[in-house]
Amino acid sequence: MGKLLGVNLLQRVLVAALGIPLLLWLIQLGGVWFFSFFLLLALLASFEFHRLASHKANPPALWIMLLATLLVQADFYFGFVEIWVVLLGVVMALFLLELFVKEGSPLLNLGSALAGFMYVNLAFGSLLRLRMEPMNGDGEAWVLLMFICIWSTDISAYFGGSLAGGKVFQRKLFERHSPHKTWEGFFFGVLGSVAAAYAFSFVVPAVSPSTVLLAGLLIGLFSPAGDLIESMFKRDAGVKDASALIPGHGGVLDRFDTVMFVAPFLYLLTR
């Protein structure tokens with residue numbers, strides 16, 4: 001067991017050492033490179049959610065969900081038509097397609113398809129728009145702030161929960177979905193996010209300090225929800241990880257679950 005844990009930790013460190021610089025570079029570049037990378041993640045996330053949904057329902061064919069994701073993400077970036085037109089078209093098409101399905105429950109089939117479609121596409125679409133069109137054109141700063149605060153939340157929650165978990169509050173945070181998360185870890189995570197946002201406001205003074213602090217607070221508060229929601233889906237499907245795509249981390253849904261939940265909130269804040 002100790003050897004397996006050591007291999008897993010080494011994999012995590014190596015992926016982080018390679019992935020974080022790449023991510024920071026893409027955030028700085030923006031444009032088509034940023035879009036291409038997160039389009040790939042959105043497609044992989046759609047594949048993983050389809051895999052989870054297939055354990056409980058009979059969702060539309062994988063190629064249909066991937067094509068829908070491609071269309072929506074391309075429209076988020078290129079703006080061919082109003083995004084609600086594409087979303088409405090895909091949703092109505094999914095309803096029509098269900099008429100031809102002979103297996104499974106229509107409620108479960110449509111519910112899983114719509115949940116995965118909206119969950120993935122609104123999340124990554126918000127992230128694209130956050131980079132492209134926030135207040136004052138500071139897209140790079142806002143996306144960078146989001147990732148820094150999320151990382152700070154995770155690190156603070158982990159060490160805070162390890163040191164003080166269960167010593168103040170006798171109940172777990174959401175034991176049904178994640179038995180290891182504690183209220184102490186949650187509050188440490190919020191403090192870590194606010195502290196990171198406060199430091200960020202000095203490094204990037206062009207962004208309003210009050211808005212940055214509010215963003216840090218919101219990210220700290222909502223970050224655990226992203227992880228819990230993805231855990232909820234995995235537990236319902238009866239799987240440990242969404243996939244084994246990223247060594248030591250699981251899949252895209254496992255690694256970017258917090259980003260996927262926080263990005264829409266931060267996009268709304270910047271609007």
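Numbers here simply count residues along the sequence, with the first being 1. Remember, predicted model here, so these are calculated numbers, not experimental data.
In this pair, Y198 and F202 present their aromatic rings perpendicular. The plane angle is above 60°, beyond the 30 to 60° band. Ring-plane geometry between F233 and F49 is classed as perpendicular, the angle between the planes exceeding 60 degrees on a 0 to 90 degree scale with a lower cut at 30. Between F147 and F256, the ring planes lie perpendicular to each other; the angle is over 60°, past the 30° to 60° tilted range. Between Y77 and F35, the ring planes are parallel. Angles under 30° get that label, and only those over 60° would be called perpendicular.
Between L52 and L253 there is a side-chain heavy-atom pair separated by less than 4.5 Å.
Taking the six-membered ring wherever Trp is involved, the centroid distance between the rings of W33 and F37 does not fall below 6.0 Å.
The side-chain contact (heavy atoms from CB on, under 4.5 Å) check on S223 picks up I150, T153, I219, T258, V262, with sequence neighbours excluded. Applying the side-chain contact (heavy atoms from CB on, under 4.5 Å) test to L268 and every residue at least two apart in sequence or in another chain returns nothing.
Screening residues 52-65 for side-chain hydrogen bond (donor to acceptor under 3.5 Å, both in side chains), with sequence neighbours left out, gives no hits.
A donor-acceptor pair is defined here as one N or O able to donate and one able to accept, closer than 3.5 Å; such a pair exists between the side chain of E48 and the backbone of V252. Looking at R131, its side chain does come within 3.5 Å of a backbone N or O of I27 through a donor-acceptor pair.
Nearest heavy atom pair, residue P59 against residue S112, reads CB-OG, 3.9 Å.
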